[in-house]
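The shown structure was predicted, so the numbers you read here are calculated from the model rather than taken from an experiment. Scope of the values below: all heavy atoms of this structure, side chains included, with no hydrogens, waters or symmetry mates.
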Amino acid sequence: MHLLAFIYHYTDKQYYQIQVISLAQDLKPDTTMYELLTEIPVPASAYFVTPDVLHVTSTFHDHVRNARKTVSNSIVLNPSGATSSPMQDVGQEIAYTYSPSRTRRAVLREAKSDGKLKRFVEIWNKSALEASIEVTEKHGAFYTDDHVASLSFSPSESSLIYIAESNPPTATENDPYRKFRYTPQFGEGIAGKRRPTIFLFCWKNGPGEPGRPLTSFSVASEALFGQVIFSPGGNTLYATGYEYTSDHRLLGIKHCFNRPSGIWELTPSSLSLDDMLSNESKPLECSARKLTPSYLSCRSPRIFSYDGKSTLLWLSHPSGGAHAATSLMYSLDITSQVDPKKITTPLVDSVFKPEQGAFPGLYPDPNLAIYPALQFSKSSVPYLITHSIWGSRTTVLLISTADGAVKDLTPEDGNLYSWKVLNTDGKTRVVCSRSTPISPHELVLGEFNETGEILWRVLHKPVLPPECKHFAPRKLSEANKFKVVGALSNLCASVIPIPERYPTETIVIQSAVAPPNEREIRPCITMPHGGPHGTTTTAFSPANVALALERCQWSLIFNINLEGIDLRMTDTLSLPNYMGSLGFGESSVHALLGNCGTIDVEDCIASTRHLIKLGISVQGPGKQFVMGGSHGGFLTGHLIGQYPEMFSAAVTRNPVMSAGEISSTDIPDWYFAEFGESYPVHSSPSIVELEQNPPHEAAKQPPPLVTPEMYARVYRASPIAHIDNVHASVLLMIGAADLRVAPTQGIEYYHALKQRAREGTRIEMLIFEGESHPLEGVEASRIGWQAARDFFKWAETFVVHQVPTK
């Protein structure tokens with residue numbers, strides 16, 4: 001069995017064929033396309049161990065063990081290509097990093113012994129274990145997230161910094177209630193973690209040397225520190241500091257870059273091993289001063305050195321307002337005396353309203369690469385490299401450290417690749433992954449010459465399943481089982497702008513086989529993204545491709561004819577990037593604030609109608625569906641409530657249905673800012689602001705409460721206001737451990753729909769215990785995908801209630 005997948009893209013009214021891939025598999029009768037595609041490893045990180053050897057880590061879903069697995073392999077580079085070693089399970093490693101010389105490797109490990117979880121820190125020198133310490137009793141869980149976690153060698157490679165949860169407080173004679181005092185947690189994605197603590201592991205080499213001590217830092221600040229790195233001299237640390245709000249909240253930080261946070265300089269009283277050995281049981285005292293101003297939220301500190309100078313680099317975002325917007329990139333000379341007064345203009349500023357096709361501003365991931373700087377020759381200035389959202393794609397950007405000039409490095413070959421920078425060698429090489437909507441991730445190497453020109457070459461393509469010899473579709477009787485006699489139908493992908501709604505555009509995944517008539521046009525599923533300040537990019541999504549291909553239970557994608565239906569046809573997916581999506585300039589983000597439930601909904605329905613006008617999809621019972629989660633679920637609720645004649649069925653995951661009900665969320669500011677209400681967010685003043693005359697003081701305005709007037713206005717802007725108009729069948733999926741959107745939002749909507757359900761419709765809900773907002777556990781992801789597939793299949797086949805048209 002083969003899947004021939006073509007990618008097409010319209011550019012200047014020309015049609016480009018981009019790539020052909022082949023997909024097949026020796027299948028069991030109950031194997032799903034979703035399982036096949038999610039079991040393909042996706043590159044997650046990479047290090048240049050030597051100039052010609054890469055260490056690559058990838059992740060995939062193991063459906064046998066119901067676990068997300070991590071594997072690694074080595075790739076040896078040579079002038080004519082590359083040689084890859086087999087992938088190996090990393091086992092109990094939960095994090096690792098390489099030292100500056102690449103000769104040492106630090107590993108954080110969790111292992112079960114006698115039924116108990118134990119934690120270890122290991123230092124490997126090439127193939128030998130140089131140092132190891134058990135830290136199970138020293139602290140709680142390691143931090144391994146994108147926002148707080150740290151794992152950094154000192155320049156001398158004799159000590160290691162990492163972040164772990166401190167042991168919980170216990171009651172004392174002086175404070176019997178200490179154990180029970182409330183401490184906010186970091187929220188969604190970092191659930192249960194409250195007390196991030198910097199730990200320093202030191203070791204010495206050679207016989208007769210003292211033990212290997214572990215000590216924590218005691219920092220003179222109320223900030224919670226993470227993303228800690230050593231200065232080039234090793235005697236100072238730089239870190240991201242997160243702060244509580246004035247009402248003692250710790251606002252959720254996952255996907256939210258507008259939090260009270262800044263870049264801090266931490267100076268330990270001593271990093272001497274001898275001093276620490278004599279005071280091993282005591283925390284290391286550390287002074288702190290904040291470098292960045294109170295109106296900026298900052299993250300991802302990095303350091304690069306050039307021509308005897310060292311520069312601190314970080315990403316910033318305006319505090320408050322939209323939870324994500326254009327990032328700013330700042331730099332500061334830290335060669336000798338660090339002067340925060342020099343933090344004035346950003347190296348890369350925001351772009352408010354870019355020209356069509358021009359650089360829209362910087363929209364990177366939460367973090368830059370570990371080694372983001374490149375230097376093409378000894379005489380050239382360093383350049384920074386990162387990936388960033390640009391329209392509906394992620395592209396690779398080269399940024400000059402001299403003037404902040406930005407250059408797009410993505411090949412101009414008319415394709416739909418989205419790219420991700422994994423790491424650099426600090427000189428002339430960068431390793432990336434890239435994919436398209438219908439071709440899985442591949443590993444790519446970029447090599448610069450002395451003039452800054454780059455040459456790309458593919459290092460590794462995913463191993464796709466081999467040819468299938470026979471297959472028995474699940475929904476056919478024994479008498480109708482048949483062998484595969486042809487190839488699986490073709491898929492194509494494109495990005496289609498929506499007329500008169502610039503910059504709104506939608507990514508479309510559809511059959512490359514044109515339907516012979518309107519009757520055979522397959523259903524279209526509109527899938528708005530969450531956020532709302534997120535973006536659906538052209539990166540490969542196994543769940544999306546599988547939904548397009550396999551919702552028809554495999555039999556619909558065989559090259560045969562059954563009851564007059566062309567079984568090669570696949571469903572169409574439309575993934576709109578509406579106003580407020582990232583990658584289209586700051587003006588797009590600002591335009592949505594105060595207009596949630598109007599502009600975003602109008603953009604989504606306009607994309608649906610435009611595809612109907614183009615003949616890509618068709619309106620009618622069982623022909624239009626909608627699916628989304630979080631803010632995408634909010635839009636799903638609006639679309640079925642405001643346009644009941646358009647959509648026959650909907651699937652929504654952890655949706656916001658009544659935005660005035662914010663009692664249980666880690667991002668209460670979202671419900672204010674997105675609907676045009678003020679919610680002040682600010683951090684503590686920087687050292688410069690404190691030295692001002694008079695000293696700068698941040699406003700003490702408390703966070704607002706929901707008033708009856710605000711509730712009434714936000715209620716009208718919520719899907720719940722349109723519930724009496726809903727005609728569609730609806731499936732809700734709820735994570736019982738969701739900290740971002742209260743599970744009661746979806747549950748109450750379910751009960752309200754049940755009361756109002758019309759004859760011929762289905763209202764169902766699945767609850768996933770222990771699952772949080774994204775429903776990303778391996779089992780939850782698989783069951784959620786299967787349930788959506790089956791629900792839409794039922795809706796297409798058994799819709800009996802013809803809804804009235806307006």
Item to complete: Please collect all ring pair (Phe, Tyr, Trp, His ring centres under 6.0 Å) contacts where either partner lies in residues 353-374, sequence neighbours excluded, each pair once.
Response: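 For residues 353-374, and leaving out neighbouring residues, the ring pair (Phe, Tyr, Trp, His ring centres under 6.0 Å) pairs sorted by first residue read F359-W390.
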Discussion item. Checking T526 against T608 for the side-chain hydrogen bond (donor to acceptor under 3.5 Å, both in side chains) test, could you report, in this order, the C-alpha distance in whole Å, the side-chain angles of both residues, the deciding distance, and whether it holds?
Written reply: CA-CA 7 Å; T526 299; T608 300; 3.1 Å; yes
Would you say the ring centers of [X] and [Y] fall short of 6.0 Å from each other?
X    : Y    : answer
Y47  : Y96  : yes
H529 : Y578 : yes
H255 : H323 : no

Fill in: Worked check of side chain to side chain contact (heavy atoms under 4.5 Å, CB included) between R609 and K613
CA-CA 6 Å; R609 288 170 170 164; K613 184 178 180 180; over 6 Å; no
Fill in: Greater than 12 external heavy atoms within 6.0 Å of F304's CZ
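For F304, atom CZ is crowded (more than 12 foreign heavy atoms under 6.0 Å).
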Practice prompt. Mind telling me whether H147 and F257 have parallel, tilted or perpendicular rings, with 30° and 60° as the class edges?
Written response: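 Because their plane-to-plane angle lies in the 30° to 60° range, the rings of F257 and H147 count as tilted.
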Could you measure the distance from the [atom1] atom of [X] to the [atom2] atom of [Y]? Nearest 0.5 Å is fine.
X    : Y    : atom1 : atom2 : result
I253 : D145 : CD1   : CG    : 6.0 Å
I498 : S607 : CD1   : OG    : 5.0 Å
L328 : L296 : CG    : CG    : 6.5 Å

Would you call [X] and [Y] a side-chain contact if the rule is heavy atoms closer than 4.5 Å?
X    : Y    : value
T240 : P301 : yes
I525 : L547 : yes
I75  : V56  : yes

Heavy atoms only: give me the nearest [X]-[Y] pair and the separation to one decimal.
X    : Y    : result
H631 : G531 : CB-N, 3.5 Å
W419 : C432 : CE3-CB, 4.0 Å
I40  : P462 : CG2-CB, 3.6 Å
S380 : Q375 : O-NE2, 3.1 Å
S152 : I229 : OG-CA, 4.0 Å
P366 : S300 : O-CB, 3.7 Å

Item to complete: Please name the residue in the list T538, T506, N577 that meets the side-chain hydrogen bond (donor to acceptor under 3.5 Å, both in side chains) test with S392.
Response: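 Considering T538, T506, N577, a side-chain hydrogen bond (donor to acceptor under 3.5 Å, both in side chains) with S392 is found only for N577.
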Worksheet item: How would you list, by chain and number, every residue that makes a side-chain hydrogen bond (donor to acceptor under 3.5 Å, both in side chains) with T83, sequence neighbours excluded?
Response: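 In terms of side-chain hydrogen bond (donor to acceptor under 3.5 Å, both in side chains), with neighbours along the sequence ignored, T83 is linked to no residue.
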Pair [X] + [Y]: basic N to acidic O under 4.0 Å:
X    : Y    : value
K461 : E442 : yes
R457 : E447 : yes
R299 : D146 : no

Worksheet item: Looking at D365, L368, N367, which one forms a side chain to side chain contact (heavy atoms under 4.5 Å, CB included) with T386?
Response: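 Looking at D365, L368, N367, the match for T386 under the side chain to side chain contact (heavy atoms under 4.5 Å, CB included) is L368.
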